[in-house]
Number of protein chains: 2
Amino acid sequence: MKRNTWQREAVRTALTGTEGFVSAQVLHSHLRDTGSSIGLATVYRALASLEETGEVDALQQDGESLYRACTQGTHHHHLICRNCGTTVEISADPVEQWARQVAAEHGFTQANHVVDVFGLCAACTALAAAGGQVAEPGRVT
Amino acid sequence: MKRNTWQREAVRTALTGTEGFVSAQVLHSHLRDTGSSIGLATVYRALASLEETGEVDALQQDGESLYRACTQGTHHHHLICRNCGTTVEISADPVEQWARQVAAEHGFTQANHVVDVFGLCAACTALAAAGGQVAEPGRVT
DNA sequence: TGCTAAACGATAATCATTGTCAAAAAGGGT
DNA sequence: ACCCTTTTTGACAATGATTATCGTTTAGCA
Ligand SMILES: [Zn+2]
Ligand SMILES: [Zn+2]
Ligand SMILES: [Zn+2]
Ligand SMILES: [Zn+2]
């Protein structure tokens, strides 16, 4: 059976206390900085496990996995500031339907989808307008 | 200025002759198998360059970048068989609008989006039904 | 045909992630 | 509380994709 360790709980808590998406490495650093002695491999394992149970959401950016403890228990997507990481959870029923339909139309089954919107949040937009340095837009896929 | 080398052309050609998305490594193998002496680093460079110019599309799966020479010159998305790689290019105006609106509603600017649909194509669905082994559905993001 | 900056290619380096395995500890039963 | 079995941990090695290096090659041009 699955056991409850303080390590798993520490990861859960650390993630809940983080606004945006974070990498395993960064989360591990935060944990260490706050005095935890948790190992890096354990953070990876905990995140993978929490993702499986659906407790946390994951996405890939620049070839690395980022995790976030979302408040919505149901399926949803994300609007993410590519500069500061601020994340908004968004429902997208029209997109859900569209995805289902497009797959069906072409005879595809067991369809799932990856849908994320990246941009500059209001704050970072203002910052950029004031001459601040912000991340470049990535490629649209 | 940007130069035209047979290496870049070889990558372009190899990619055009490939139906689905392929990794740099796999493309390099194909090229070598067909007698080319092109180097791996060069394949990576050519793909990155071709992606910049918009000649090829890229997406990330399982932490690796996959590339494809798409026929549509305009912005579009993909329906991809997670088992055999068969890819269908799809226009998604409703999704484009939705993405724009959702970003605007939350004060986000310079928005772009990642939208991909994965599934099992008709052929692979039949194969699976016949007891064949196919890839598992990944996590939905 | 020469020049020069861009492109190559072999290989070393990087970096996130996973595998290994002995030691630690959670859970359940006594 | 104690013991036993099995899971989980953590330090570290290994992997695998991608990038950096750097001396050599070559495209584009006068
Ligand atoms: Zn921001
Ligand atoms: Zn969805
Ligand atoms: Zn298929
Ligand atoms: Zn689009």
Side-chain angles (χ1 to χ4, degrees), chain A residues 1-15 18 20-53 55-68 85 135-136 138-139 141, chain B residues 1-15 18 20-53 55-68 85 135-136 138-139 141:
Chain A
M1 74 302 305
K2 171 165 304 182
R3 296 177 179 179
N4 296 325
T5 64
W6 65 263
Q7 286 94 336
R8 178 183 305 275
E9 189 53 36
V11 168
R12 212 195 316 261
T13 302
L15 211 51
T18 306
F21 280 82
V22 286
S23 68
Q25 307 260 2
V26 167
L27 197 64
H28 178 242
S29 293
H30 286 179
L31 283 162
R32 284 303 183 99
D33 291 347
T34 57
S36 174
S37 66
I38 192 171
L40 177 58
T42 302
V43 173
Y44 273 101
R45 284 187 286 241
L47 288 173
S49 161
L50 290 171
E51 188 194 353
E52 268 183 27
T53 67
E55 278 193 73
V56 309
D57 282 359
L59 65 83
Q60 301 211 323
Q61 194 172 22
D62 303 318
E64 75 177 341
S65 291
L66 305 182
Y67 302 86
R68 181 170 188 272
E136 287 293 305
R139 183 141 300 282
T141 305
Chain B
M1 76 301 307
K2 171 166 304 183
R3 295 178 181 177
N4 296 323
T5 63
W6 64 263
Q7 287 94 336
R8 178 183 303 276
E9 189 53 36
V11 168
R12 214 194 314 261
T13 303
L15 211 50
T18 306
F21 280 83
V22 286
S23 69
Q25 308 260 3
V26 166
L27 196 63
H28 179 242
S29 292
H30 287 179
L31 283 162
R32 284 304 184 98
D33 291 348
T34 56
S36 175
S37 65
I38 193 171
L40 176 58
T42 301
V43 173
Y44 272 102
R45 283 187 288 240
L47 288 173
S49 161
L50 290 172
E51 187 194 352
E52 267 184 27
T53 68
E55 279 193 73
V56 309
D57 283 359
L59 64 82
Q60 302 211 322
Q61 194 172 23
D62 303 319
E64 75 177 342
S65 292
L66 305 182
Y67 302 86
R68 182 170 189 272
E136 287 293 306
R139 182 140 302 283
T141 304

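Lettering follows sequence order; numbering is per chain, from 1.
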Peer 1: Please determine whether a side-chain nitrogen or oxygen atom of A/Tyr44 lies at a distance below 4.0 Å from atom OP1 or OP2 of C/dT18.
Peer 2: no

Peer 1: Show every donor-acceptor pair shorter than 3.5 Å between a side-chain atom in residues 37-47 of chain B and any protein atom, with sequence neighbours excluded, or say none if there are none.
Peer 2:
unit_1	atom_1	unit_2	atom_2	d
B/Tyr44	OH	B/Gln25	NE2	3.0

Peer 1: Rounded to the Å, how far apart are B/Glu64 CD and C/dT18 C1'?
Peer 2: 15 Å

Peer 1: Return the value, rounded to whole Å, for the distance between atom OH of A/Tyr67 and atom C1' of C/dT17.
Peer 2: 9 Å

Peer 1: List the protein contact pattern of nucleotides 23-30 of chain D with one symbol per nucleotide (5' to 3'): B for base contact, S for sugar-phosphate-only contact, - for none; contact means a heavy-atom distance under 4.0 Å.
Peer 2: ---BBS--

Peer 1: Look up atom OG in B/Ser65 and atom CD in B/Glu51, then write down how far apart they are to the nearest 0.5 Å.
Peer 2: 7.0 Å

Peer 1: Report the distance from atom CD of A/Gln25 to atom C1' of C/dT14, rounded to the nearest whole Å.
Peer 2: 12 Å

Peer 1: Let me confirm one number: the CD-CD distance from A/Gln61 to B/Gln60, rounded to the nearest 0.5 Å.
Peer 2: 9.0 Å

Peer 1: Rounded to the nearest Å, what distance is computed from the CZ atom of residue A/Arg45 to the C1' atom of nucleotide C/dC21?
Peer 2: 11 Å

Peer 1: So what does A/Ser65 hit on the nucleic acid, given a heavy-atom distance under 4.0 Å: a base, only sugar-phosphate, or nothing?
Peer 2: sugar-phosphate

Peer 1: Picking from D/dA20, D/dA17, C/dC8, which would you name as closest to the side chain of B/Ala41?
Peer 2: D/dA20

Peer 1: Please give, in whole Å, the distance from C/dC15 C1' to A/Gln60 CD?
Peer 2: 15 Å

Peer 1: For B/Leu27 versus B/Ala14, what's the shortest heavy-atom pair and its separation?
Peer 2: CD1-CB, 3.9 Å

Peer 1: What distance do A/Ser36 atom OG and A/His30 atom NE2 have between them, rounded to the nearest 0.5 Å?
Peer 2: 13.0 Å

Peer 1: Hey, could you give me the CG/CG distance between A/Leu31 and A/Leu15, rounded to the nearest 0.5 Å?
Peer 2: 9.5 Å

Peer 1: Could you tell me whether a side-chain N or O of A/Glu55 sits under 3.5 Å from a main-chain N or O of A/Leu50, the two making a donor and an acceptor?
Peer 2: no

Peer 1: Return the value, rounded to whole Å, for the distance between atom NE2 of A/His28 and atom P of C/dC15.
Peer 2: 17 Å

Peer 1: Between C1' on D/dA20 and CG on B/Leu40, what's the gap in Å once rounded to a whole number?
Peer 2: 13 Å

Peer 1: Just how far, in rounded Å, is P of C/dC15 from CD of A/Gln61?
Peer 2: 18 Å

Peer 1: Closer to the 5' end of DNA chain C via nearest nucleotide, is it B/Arg32 or A/Leu66?
Peer 2: B/Arg32

Peer 1: By the 4.0 Å heavy-atom rule, please label B/Ser37 as base, sugar-phosphate, or nothing.
Peer 2: sugar-phosphate

